[in-house]
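These numbers come from a predicted model, not from an experiment. Starting from 1, each residue takes its place in the sequence as its number. Ligands are counted one by one from 1 in listed order, and the atoms in each one are counted from 1 as well.
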Amino acid sequence: MPRIEIVLSQIRHNTRVLCDLYGRQGISVMGVSKATLGSPAIALAMVQGGVAFIADSRIENIQRMKAAGVKTQFVLLRSVLSQAETIVLNADISLNTELAMLSRLSHYSVMHNCIHKVIVMVEMGDLREGVLPCELSQFIKHVIALPNIKLVGLGCNLACYGGIKPDANKMQELSELTIAIEAQFNLKLGIISGGNSANYEWFDAIQSQGSQGIGRINNLRLGESILLGREAANRAVIPGMYTQAFKLIAEVVESKDKPSMPFGDRCQDSFGNSPVFENRGDRRRVIVALGKQDTLVSGLGVEGDFEILGSSSDHVILDQGDAGKGCAIGSAVSFDLDYGSLLAAMTSPFVQKQFISDSINP
Ligand SMILES: *Cc1c(COP(=O)(O)O)cnc(C)c1O
């Protein structure tokens, strides 16, 4: 079975570096656990590293972490109408963009005699979730009238679907909307959540000019930068961070010298593609027991003298160079993962999750 090795002390370290960095400018951090299937051990490492909240897109993951005893404020990143009652009972805060959803949350909050806190997401150009700025004031008017719903903040999400950068203009726009909403409704919003791991560049540029430009932004929701040590706009490594807290390991099932050109009449491959090949003569080809069922193969990087040639549902085919080399059947090949590969591997039932303690920092 392929396994993913997870070094919790490195995740804790990354979390602490980011919480200190952003905290110096008054920005709190939500540790985003969705790429880990809501792993309680990883959430705990984030809490120990200093996050004030754990945020996940799935209420099932939040239930899993709560059941395992993780103590923090839980934030639901994506609200689903049919889960409204479970959300009210399990999430402290949810992000929302639809009045139908908010009315349902209000209904169940009244029924269970509790207050549910919400952050309204604003559409700032990335075209994933959010209320358009021109409709925000009307929207907020309805939200604050809902019984047992408490509006605690505004947020936006960029660099996810449309590939739009969270830059100084976007952050200033969110700050200005905050000020306008507060003035119009005579309220104070506590959480202004400016974005995700793609906001690092904005922050880094602003910080070097003093803290003026931070405006009202006082929270970020961070998954990738905590887990993989990279910002998410250009995938640059953040100084002082571990980038290999996760490693995927698979077992060699075949190792043979073979021609580099397929032979016979051509047809489509198993995924409907018509692949093209370059003749490089005979090569050492190694197959590992890993495939598209386990991870997103295109986001893997292989360690050692291998090159990834391709994959099918259960096989990754590697080139190990000139004919005549080779490695033993049953030996291990290691891969590092990007965010997509991590998400797929952590949520695959076929990948064993193994926590490794680091000898220096167990
Ligand atoms: C997944 C998600 C995040 C975390 O994004 P990263 O780039 O991994 O930091 C933040 N906010 C929302 C709404 C999300 O869905």
Side-chain angles (χ1 to χ4, degrees), residues 11 14-15 17-19 21-22 27-39 42-43 46 49 51-62 65 73-80 87 91 93-98 101 118-131 152-166 170-171 174 191-204 217-238 241 243 245-246 296 299 337-347:
I11 295 169
N14 284 358
T15 311
V17 170
L18 290 168
C19 286
L21 176 76
Y22 288 117
I27 294 179
S28 67
V29 173
M30 295 179 180
V32 176
S33 51
K34 69 183 181 217
T36 73
L37 196 68
S39 157
I42 294 173
M46 290 180 179
V51 300
F53 312 82
I54 292 288
D56 203 294
S57 48
R58 313 263 169 164
I59 198 68
E60 296 85 350
N61 288 346
I62 290 179
M65 293 182 278
Q73 292 198 77
F74 285 98
V75 180
L76 183 67
L77 295 170
R78 186 200 63 183
S79 302
V80 178
I87 294 169
I93 304 175
S94 60
L95 309 191
N96 283 282
T97 62
E98 288 288 355
M101 181 73 222
V118 301
I119 293 174
V120 168
M121 297 297 280
V122 185
E123 173 59 68
M124 311 232 15
D126 201 54
L127 297 184
R128 206 180 72 179
E129 73 276 34
V131 178
V152 295
L154 294 180
C156 75
N157 195 59
L158 291 156
C160 263
Y161 171 71
I164 297 299
K165 226 189 209 177
K170 297 293 183 192
M171 293 302 103
L174 185 62
I191 304 175
I192 311 303
S193 192
N196 52 40
S197 294
N199 283 54
Y200 178 80
E201 218 178 35
W202 158 76
F203 178 83
D204 197 41
I217 310 304
N218 65 7
N219 177 265
L220 291 175
R221 311 171 304 274
L222 305 179
E224 182 165 353
S225 52
I226 289 178
L227 300 170
L228 297 176
R230 291 172 189 273
E231 54 80 35
N234 307 293
R235 264 63 201 194
V237 176
I238 298 174
M241 307 282 279
T243 57
F246 295 87
L296 181 68
L337 308 97
D338 73 2
Y339 192 75
S341 306
L342 177 69
L343 173 74
M346 288 299 292
T347 52

Say whether, by atom type as modelled, one donor and one acceptor occur between the side chain of [X] and the main chain of [Y] under 3.5 angstrom.
X      : Y      : answer
Asp126 : Ala159 : yes
Ser28  : Asn218 : yes
Glu231 : Ala236 : yes
Asn96  : Glu98  : no
Asn219 : Ile191 : no

Identify, chain by chain and in numerical order, each protein residue with a heavy atom under 4.0 Å from an atom of ligand 1. Val32, Lys34, Leu77, Arg128, Glu129, Asn157, Asn196, Ser197, Arg221, Leu222, Gly223, Glu224, Tyr339
What's the shortest heavy-atom distance between Tyr161 and Leu127, and which atoms? CD2-O, 3.4 Å
